[in-house]
Amino acid sequence: MKILLVLYDAGSHAKDEPRLLGCTENELGLRDWIESQGHTLVTTSDKDGENSTVDKEIVDAEIVITTPFHPAYITKERIDKAKKLKICITAGVGSDHVDLDAANARDIAVLEVTGSNVQSVAEHVVMTMLVLVRNFVPAHEQIIEGGWNVAAVAKDSYDIEGKVIGTVGGGRIGQRVLKRLAPFNPMELLYYDYQPMPKDVEKEIGCRHVPDLKEMLSVCDIVTINCPLHDSTKGMFNKELISHMKDGAWLVNTARGAICVTDDIVEALKSGKIRGYGGDVWNPQPAPKDHPWRYMRNKWGGGNAMTPHISGTSIDAQGRYSEGTKNILEVYFSGKQNYRPQDVICINGHYGTKAYGDDKEHKAHVSK
Ligand code: NAD
């Protein structure tokens, strides 16, 4: 069978660090093993535009593997063309780059390596909060530019201690973020999720469920977004929802770029409605050179803690999601379908998870 693997190019970096597995050169460390099983592996980074390698190669591929860091968007149009496609594997977490309803309609399975980089992302979230709240970026820029002006930075620098912090999404990453924040002595840790955590988990973390999103946003000094991108989270942080946030709050988004409306974030930062925005996810990816999130600043020249999509692709995470991808392939090759249940996003024409929305239409697809 033919397997199409879509990853980012690393060039010389692939040689510098052979454990940089998530690139076209190192192919998740899977080429020899896949070929030893008698299968064909086609690897590319060329994923966008009508005549891309993905468009050409997907036509007779049975398996597509891609990462959220350099996602091959598996649209309905591509699914329609891919007559032999049986399974899409996300080497990482977050499968919104696949049109999941279209995959279900064609009975294409969608699997991901659940949990493989949740610790990596949680660390990045806490780092981004610190970078924003402490006003690190302008301070660092001063130093490398040869300057020294304590007041210019200090006037917009605060502590995490004593703040109210809330996560939208209290799943694997949301929980890990809250746990890591507890030692900072925040005023309160809150979360909003239609699937509340078990009470003992809430107690262990020391957090409180708020059933109304706007109510939570209205009291949070720092908000972090940790839910998947799906129909009801696309464009969720728009001007209207942002208007319910506390004035001057910080917003961190490592979930997906499209959960926030690009221009509404820029506007909110400019006006001072939010004091800072940071994260690593963009819409689309790679982000074009003129994406306004690259250059946006608050009125004092800070408030931007954006990076490329790196939070979930640390060297440690790459080892875990490469291994997890191999495990999923092994199950697929065996024909048994006994995947780890938590890895299943879609199977047999149904959603295998409740994390991609609680709307009626979605529930109709969720396996009982
Ligand atoms: P998870 O499934 O463990 O948790 C997601 C939670 O979000 C679930 O509890 C779900 O009920 C909740 N949710 C869904 N829709 C919601 C909504 N409208 N409002 C509030 N909560 C909602 O997933 P996870 O492992 O915590 O990952 C979450 C997301 O983070 C992924 O889907 C992915 O988009 C993103 N992610 C990003 C990176 C990165 O490198 N930046 C890496 C991993 C995951």
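- Within the 3.5 Å criterion, the main-chain N or O of V344 finds no donor-acceptor partner in the side chain of E112.
- Hydrophobic clustering (ILVMFWY, side-chain heavy atoms < 4.5 Å, transitive): L100 and L85 are in one cluster.
- Side chain of R180 to main chain of R176: a donor-acceptor pair is present (N/O by atom type, distance under 3.5 Å, no hydrogens or angles).
- Remark: aromatic rings of W250 and Y158 are close, center separation under 6.0 Å.
- Residues passing the ring-ring contact (aromatic ring centres under 6.0 Å, His included) test with W33 are F333, sequence neighbours excluded.
- Cluster membership check: L5 shares its hydrophobic cluster with I63, using side-chain heavy-atom separations under 4.5 Å among Ile, Leu, Val, Met, Phe, Trp and Tyr.
- Shown here for P186 and K163, the closest heavy-atom pair between the two residues is CB-O, 3.3 Å.
- Side chain of D159 to main chain of E161: no donor-acceptor pair is present (N/O by atom type, distance under 3.5 Å, no hydrogens or angles).
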Counting only pairs under 3.5 Å, give me each side-chain donor-acceptor contact of residues 122-131, with atom names and distances, residues two or more places apart or in other chains.
unit_1	atom_1	unit_2	atom_2	d
T128	OG1	H124	O	2.7

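- The OH atom of Y192 sits 15.0 Å away from the CZ atom of R208 when rounded to the nearest 0.5 Å.
- Atom CD1 of I160 is separated from atom CG of L181 by 6.0 Å, given to the nearest 0.5 angstrom.
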Go through the steps for I65 and L28 under the test side-chain contact (heavy atoms from CB on, under 4.5 Å), then give the verdict. CA-CA 10 Å; I65 307 171; L28 302 176; 4.1 Å; yes
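- Side chain of D107 to main chain of G349: a donor-acceptor pair is present (N/O by atom type, distance under 3.5 Å, no hydrogens or angles).
- R31 and E35 are joined by a salt bridge, as a carboxylate oxygen and a charged side-chain nitrogen come within less than 4.0 angstrom of each other.
- In summary, K2 and E57 engage in a salt bridge, as defined by a charged side-chain N under 4.0 Å from a carboxylate O.
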Dump the intermediate steps for salt bridge (Lys or Arg N to Asp or Glu O under 4.0 Å) on R256 and D96, then the final yes or no. CA-CA 9 Å; R256 285 296 177 259; D96 50 277; 2.7 Å; yes
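- Checking side-chain atoms of N117 against main-chain N and O of G312 turns up a donor-acceptor pair under 3.5 Å.
- Distance check: L189 CG to T167 OG1 gives 10.0 Å after rounding to the nearest 0.5 Å.
- Atom NZ of K155 is surrounded by more than 12 heavy atoms from other residues, nucleotides or ligands within 6.0 Å.
- Distance check, rounded to the nearest 0.5 Å: CD1 of I108 to CD1 of I347 gives 12.5 Å.
- Sorted by first then second residue, the salt bridge (charged side-chain N to carboxylate O under 4.0 Å, His left out) pairs that include residues 339-348, not counting sequence neighbours, are R340-D343.
- Checking R320 against S120 by side-chain atom types alone, a donor-acceptor pair falls below 3.5 Å.
- Partners of Q318 under the side-chain contact (heavy atoms from CB on, under 4.5 Å) rule, at least two apart in sequence or in another chain, are Y8, L20, L21, T313, Y321.
- When the side-chain contact (heavy atoms from CB on, under 4.5 Å) test is applied to H209, the partners found at least two apart in sequence or on another chain are Y191, P196, E202, P211.
- Between the OG1 atom of T43 and the CG atom of N26 there is a distance of 10.5 Å, given to the nearest 0.5 Å.
- Open room surrounds CZ on R19; 12 or fewer heavy atoms of other groups in view lie less than 6.0 Å from it.
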Could you list the donor-acceptor pairs under 3.5 angstrom formed by side chains in residues 301-311, with sequence neighbours left out?
unit_1	atom_1	unit_2	atom_2	d
N304	OD1	M306	N	2.9
N304	ND2	W293	O	2.9
N304	ND2	M296	O	3.0
H309	ND1	P68	O	3.2
H309	ND1	Q285	OE1	3.2
H309	ND1	Q285	NE2	2.8
S311	OG	D280	OD2	2.8

Side-chain donor-acceptor contacts of residues 262-273 below 3.5 Å, not counting sequence neighbours, with atom names and distances?
unit_1	atom_1	unit_2	atom_2	d
D264	OD2	K239	N	2.8
S271	OG	E267	O	3.3
S271	OG	A268	O	3.2
S271	OG	K273	N	3.2
K273	NZ	M245	O	2.5
K273	NZ	D247	OD1	2.6

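- Partners of P288 according to the side-chain contact (heavy atoms from CB on, under 4.5 Å) rule, which considers only residues two or more places apart in sequence or in another chain, are P284, D290, H291.
- With hydrophobic clusters built from ILVMFWY side chains whose heavy atoms lie under 4.5 angstrom apart, L251 does not share a cluster with L178.
- Screening I259, L229, N283 for a side-chain contact (heavy atoms from CB on, under 4.5 Å) with K234, the sole residue that qualifies is L229.
- Within the 3.5 Å criterion, the main-chain N or O of D80 finds no donor-acceptor partner in the side chain of R106.
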Verdict with supporting geometry, M216 and S218, side-chain contact (heavy atoms from CB on, under 4.5 Å): CA-CA 5 Å; M216 183 180 90; S218 72; over 6 Å; no
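- I165 and V223 fall into different hydrophobic clusters, where Ile, Leu, Val, Met, Phe, Trp and Tyr residues are linked whenever their side-chain heavy atoms come under 4.5 Å apart, directly or through other members.
- There is a path of hydrophobic side-chain contacts, each under 4.5 Å, that joins I274 to V164.
- For the residue pair T114 and Q342, the shortest heavy atom distance occurs at OG1-O, 2.6 Å.
- Between the side chain of N226 and the main chain of V168, no donor-acceptor pair closer than 3.5 Å is present.
- Judged as a side chain to side chain donor-acceptor pair (under 3.5 Å), the pairs with a partner in residues 324-339 (not counting sequence neighbours) are, in order, E62-Y332.
- Using modelled atom types, one finds a donor on one side chain and an acceptor on the other under 3.5 Å when comparing S95 with T90.
- Annotation: side-chain contact (heavy atoms from CB on, under 4.5 Å) contacts of P341 (sequence neighbours excluded): none.
- The CD1 atom of I89 lies 6.0 Å from the CG atom of L111; values are rounded to the nearest 0.5 Å.
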Begin with the C-alpha distance, continue with both residues' side-chain angles, and end with the deciding distance and a verdict on salt bridge (Lys or Arg N to Asp or Glu O under 4.0 Å) for E204 and K179. CA-CA 9 Å; E204 188 204 326; K179 257 188 207 164; 3.7 Å; yes
Go through the steps to decide whether Y351 and N104 satisfy the test side-chain hydrogen bond (donor to acceptor under 3.5 Å, both in side chains), and finish with yes or no. CA-CA 8 Å; Y351 283 90; N104 274 332; 4.6 Å; no
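- V261 shares a hydrophobic cluster with no other residue; no ILVMFWY side chain has heavy atoms under 4.5 Å from its own.
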Step by step, would you call S314 with D316 a side-chain hydrogen bond (donor to acceptor under 3.5 Å, both in side chains)? CA-CA 5 Å; S314 62; D316 298 305; 4.7 Å; no
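- Every residue was checked against the ring-ring contact (aromatic ring centres under 6.0 Å, His included) condition with H244, not counting sequence neighbours, and none meets it.
- Counting only N and O atoms by type, the side chains of T44 and D46 include no donor and acceptor under 3.5 Å apart.
- In this structure a side-chain-to-backbone donor-acceptor pair under 3.5 Å is present from D193 to G170.
- Judged by distance alone, the side chains of S45 and D9 do bring a donor and an acceptor atom under 3.5 Å apart.
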